[in-house]
Amino acid sequence: MPPTLRLPRADGTLASYTLSGRAAITPPTGPITSRIGMAAVHVVADPVAAINPTLDVALDWDATLRYRHYVWSLGLAVAEAMDTSQRGMGFDWPTARELIRRSVAEARTVRGAVLASGAGTDQLAPGASVTLADVEAAYEEQCSFIEGAGGRIILMASRALAACARGPEDYEKVYARILAQVSEPVIIHWLGDMFDPALAGYWGSLDLDRATETLLGIVHEYAARIDGVKISLLDQRREIAMRARFPKGVRMYTGDDFDYPTTIRGDGQRASDALLGIFDVIAPAASAALHALDAGDVARFEAILAPTLTLSRHVFGAPTRFYKTGVVFAAYLNGHQAHFRMVGGLESARSVVHVSEQLVLMDRAGLLRNPDLAAERMRRVLALAGVD
């Protein structure tokens, strides 16, 4: 019989929940061809490292790299050292640098593995003394390291640039300098302030229409050096409107964790590829759905992803920046790591009520690989909260 748990609810009561017994989604093997599906993946903290976990970083390298192999085995690509790995939320550039080096080396051992890595400016502390030249130098350092290691670049949004830029022209200047130097086309990432409040007003304006025009101008001028743009604004209409204006050959990578099935499916003329944090959580379903799209089975694509959308909207619920807790919680439930500990102690960023609901939604979406293991691990989390 499927296990039963007593889960806390928002009204302070406990309610019994019996796992559905639904078989976990198992995707077909082989490459995915109709879309690029990139999972922005998490890192696994070392739970027994002798550090101050709120100030220092220590990773379980074996578990961290093993998870990347799991994602590749499903035919998905890996987006490395992005915000899902807590860049800017406890995960520093020196550790990201080592993560990128190791991940690039691992990717070389896997036939067909696709990997791209985040380049930012997080070695800078935003402040009044930071200049545009400092931002450019920081971007150059990270881009040079990634390319020197043999990797591909995802050009992440910069808190330091947001702090020191005076208008759109400063963004145009910085991006022009960096794009002129890259060896291969990059993915530009526009991360909205719901993910990181320090990025409010990116591209030089709080008006999203004006910001969009600035980015589109950069894309058109440097199209040959841009593989695509990842939009993380949770704004489907803006994404669809923007991709219709991209030059030929520039991809739109959806970062809309609230409505990715629609944008990935497309409108018959254009479609979005995907670079999503939720693909870390729903990797088997994402792979199965994209394989269905490869086969032209749109109905199956939508049926697989429909229950994951409810889950994603929960995991990425406000405050959205704490979605990383749900990503790591899912990996813990599914046995990809032996503990529910995070860099910076971020496992405490969501309530036990929140993660209890996540368990239910994962069960309904067919995303529990081993329901008995998930139930036992949920009981441990409940026990820590004093729930018998």
Side-chain angles (χ1 to χ4, degrees), residues 19-42 63-80 84 103 106-107 109-116 251 253-257 259-266 271-313 315 326-337 358-359 361-374:
L19 296 184
S20 65
R22 176 178 175 178
I25 293 172
T26 304
T29 58
I32 295 165
T33 58
S34 59
R35 304 285 188 275
I36 296 174
M38 303 190 82
V41 292
H42 72 286
T64 294
L65 295 173
R66 190 164 55 243
Y67 193 77
R68 280 124 185 88
H69 280 272
Y70 168 69
V71 172
W72 286 321
S73 76
L74 299 174
L76 299 173
V78 167
E80 186 62 276
T84 306
S103 295
E106 290 296 316
T109 70
V110 180
R111 184 176 182 179
V114 175
L115 172 73
R251 299 175 180 273
Y253 288 89
T254 187
D256 185 357
D257 301 278
D259 205 353
Y260 45 90
T262 303
T263 48
I264 294 171
R265 186 191 65 227
S272 297
D273 293 285
L275 200 172
L276 288 160
I278 196 59
F279 271 21
D280 184 308
V281 177
I282 69 164
S287 175
L290 291 175
H291 274 105
L293 208 56
D294 288 351
D297 192 342
V298 175
R300 177 159 172 74
F301 166 83
E302 293 180 339
I304 292 170
L305 289 186
T308 74
L309 193 56
T310 306
L311 167 66
S312 187
R313 289 172 177 171
V315 170
V327 172
V328 174
F329 180 66
Y332 170 63
L333 288 182
N334 276 325
H336 293 295
Q337 56 192 77
Q358 180 176 332
L359 168 81
L361 294 174
M362 289 179 66
D363 177 48
R364 292 173 178 170
L367 289 168
L368 295 180
R369 295 202 302 172
N370 182 333
D372 289 329
L373 175 65

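Throughout, numbering of the chain's residues begins at 1 and tracks the sequence.
- Residues L115 and W72 have side chains in contact (heavy-atom distance under 4.5 Å, counting atoms from C-beta outward).
- Remark: Q337 CD to T64 OG1 distance equals 8.0 Å, nearest 0.5 Å.
- Across V315 and G326, no two heavy atoms sit closer than the pair CG1-CA, 4.2 Å.
- Each side-chain hydrogen bond (donor to acceptor under 3.5 Å, both in side chains) pair with one or both residues in residues 300-309, not counting sequence neighbours, appears once here: Y260-T308, R265-E302.
- Atom CD1 of I36 and atom CD1 of I264 lie 12.0 Å apart (nearest 0.5 Å).
- Annotation: the span from T33 atom OG1 to L290 atom CG amounts to 9.5 Å, rounded to 0.5 Å.
- Between L19 and D372 there is no side-chain heavy-atom pair separated by less than 4.5 Å.
- A heavy-atom distance below 4.5 Å is not found between the side chains of N370 and N334.
- Y70 and A283 get closest at one heavy-atom pair: CE2-CB, 4.4 Å.
- Nearest heavy atoms, V71 versus A39: CG1-CB, 4.1 Å.
- Side-chain N or O atoms of S312 include one that pairs as donor or acceptor with a backbone N or O of D257 at under 3.5 Å.
- Taking CD1 from I304 and NE2 from H291, the interatomic distance works out to 10.5 Å, rounded to the nearest 0.5 Å.
- Inter-residue side-chain proximity for L65 and S103 is flagged as met; some heavy-atom pair is nearer than 4.5 Å.
- From L305, atom CG reaches atom CG of L309 across 8.0 Å, with rounding to the nearest 0.5 Å.
- Annotation: side chain of I282 is not in contact with side chain of M362 (no heavy-atom distance under 4.5 Å).
- For the pair R22 (side chain) and R364 (backbone), a donor-acceptor distance under 3.5 Å is present.
- Scanning both residues, A107 and A113, for their nearest heavy atoms gives O-CB, 3.7 Å.
- For the atom pair CG (D280) and CG (L76), the distance works out to 10.0 Å, reported to the nearest 0.5 Å.
- For the residue pair F301 and P261, the shortest heavy atom distance occurs at CE2-O, 3.6 Å.
- V114 places none of its side-chain heavy atoms less than 4.5 Å from the side chain of V78.
- For F329, the ring-ring contact (aromatic ring centres under 6.0 Å, His included) criterion is met by F340, not counting sequence neighbours.
- Between the side chain of T109 and the main chain of E106, a donor-acceptor pair closer than 3.5 Å is present.
- The minimum heavy-atom distance linking D294 with R35 is given by the pair OD1-N, 4.5 Å.
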